[in-house]
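Have a look at the structure below before the remarks.
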Amino acid sequence: MKKYLLLIACVLASVSSLGCKDKSRPADLPEDMSPCFVTITQEGKPLEGASVNFEYTTPVKYTTSGVTDANGVAQMSTYGYGGAQIGTAKVVVTKMVTEGLVEATDEDEEGSMGSDFYVVDAKYGSVDTTDLEITVDSKECKATFDVGPAVHDPAGKR
């Protein structure tokens, strides 16, 4: 009887693990993606927390994006896989901050939602107006872009 229960337990464990697999890499995701690191600075200083997106000038199926770290460096990835698709792309950069956010310190106190502001010039936040461009080839790509002086644009105004 113990062997029978052990066999059932093993079968159940095997069957249940089948549903736990990671999503598989899409067949149409390019195999020749290039490791890509983009550094974003603002007035020469690293800009942390900026969203960086590539808008390719040739049709691609998947989005390439990253977020800058404390050194202003975004490690670009495509569909969750490290690397950028080969080709030429416009570089779109945005960063939003919240000011005036007040969190409640106890149950009876209410917080404040604060206000959202963009700190990167609107021209870099749209594929139609950005002048930043990158060409990704089969080698590792690295590029640095400066987005000029900080702005303080209310989020609802763009």
Side-chain angles (χ1 to χ4, degrees), residues 13-104 111-158:
S14 296
V15 170
S16 67
S17 69
L18 292 176
C20 297
K21 289 185 179 180
D22 293 331
K23 67 179 178 186
S24 61
R25 181 185 177 99
D28 57 352
L29 186 65
E31 290 290 335
D32 61 349
M33 291 193 304
S34 177
C36 190
F37 302 88
V38 175
T39 302
I40 303 296
T41 60
Q42 192 164 49
E43 295 186 280
K45 297 177 184 157
L47 182 62
E48 181 177 10
S51 296
V52 181
N53 294 292
F54 289 177
E55 298 289 339
Y56 286 86
T57 56
T58 55
V60 295
K61 183 172 183 178
Y62 298 101
T63 303
T64 297
S65 61
V67 176
T68 59
D69 62 16
N71 297 314
V73 178
Q75 182 175 355
M76 304 305 290
S77 64
T78 303
Y79 194 71
Y81 291 88
Q85 299 165 93
I86 292 176
T88 300
K90 295 258 189 163
V91 180
V92 175
V93 181
T94 59
K95 180 178 178 182
M96 190 182 299
V97 297
T98 302
E99 294 178 355
L101 178 67
V102 178
E103 293 187 30
S112 168
M113 293 296 288
S115 299
D116 294 329
F117 295 92
Y118 286 102
V119 296
V120 174
D121 190 316
K123 92 175 203 175
Y124 300 110
S126 168
V127 68
D128 296 326
T129 55
T130 185
D131 57 359
L132 308 178
E133 191 171 89
I134 190 166
T135 299
V136 180
D137 61 20
S138 60
K139 301 173 187 162
E140 178 178 85
C141 79
K142 290 185 179 181
T144 299
F145 301 103
D146 192 275
V147 294
V151 297
H152 194 262
D153 296 339
K157 301 290 180 186
R158 283 197 182 176

Backbone N/O of L47 and side chain of T68: donor-acceptor pair under 3.5 Å: yes
Do E48 and Q42 come close enough that some side-chain heavy atom pair is under 4.5 Å? no
Considering non-hydrogen atoms only, spot the tightest contact between S24 and Y81 and give its length. C-OH, 3.6 Å
About how many Å separate OG of S65 and CD of E55, when rounded to the nearest 0.5 Å? 10.0 Å
When every non-hydrogen atom of V93 is compared with those of A50, the smallest separation belongs to CG1-CB, 4.1 Å
Heavy-atom check, side chain of T88 versus side chain of E133, under 4.5 Å: yes
Between D32 and I86, is there a side-chain heavy-atom distance shorter than 4.5 Å? yes
With a 4.5 Å cut-off on side-chain heavy atoms, are I134 and L132 touching? no
Heavy-atom nearest pair, A122 first then D153, reads N-OD2, 4.4 Å
When you look at D116 and T98, which way does the side chain to side chain contact (heavy atoms under 4.5 Å, CB included) test go after all the steps? CA-CA 4 Å; D116 294 329; T98 302; 2.6 Å; yes
Validation row: F54, T78 side chains within 4.5 angstrom (heavy atoms): no
Cut-off 3.5 Å, side chains only: do T64 and Q85 have a donor facing an acceptor? yes
Nearest atoms (heavy-atom pairs only) where G66 meets A74: C-CB, 4.0 Å
Does anything in residues 129-158 form a ring pair (Phe, Tyr, Trp, His ring centres under 6.0 Å)? List the pairs, not counting sequence neighbours. F117-H152
State the OG-NZ distance between S51 and K95, to the nearest 0.5 angstrom. 10.0 Å
Note, E140 side chain near F37 side chain (heavy atom, < 4.5 Å): yes
Testing the basics here: between P46 and G72, what is the closest heavy-atom pair and its distance to 0.1 Å? CB-N, 3.6 Å
Pairs meeting criterion side chain to side chain donor-acceptor pair (under 3.5 Å) with involvement of residues 117-127, two or more places apart: K123-D131
When you compare the side chain of V91 with that of V52, does any pair of heavy atoms fall below 4.5 Å? yes
How many angstroms lie between atom OG of S34 and atom NZ of K142, to the nearest 0.5 angstrom? 11.0 Å
Check whether any side-chain heavy atom of P26 sits under 4.5 Å from a side-chain heavy atom of Y79, and report yes or no. yes
Rounded to the nearest 0.5 Å, how far does NZ of K90 lie from OG1 of T129? 8.0 Å
For D146 and G44 the tightest heavy-atom approach is OD2-N, 2.7 Å
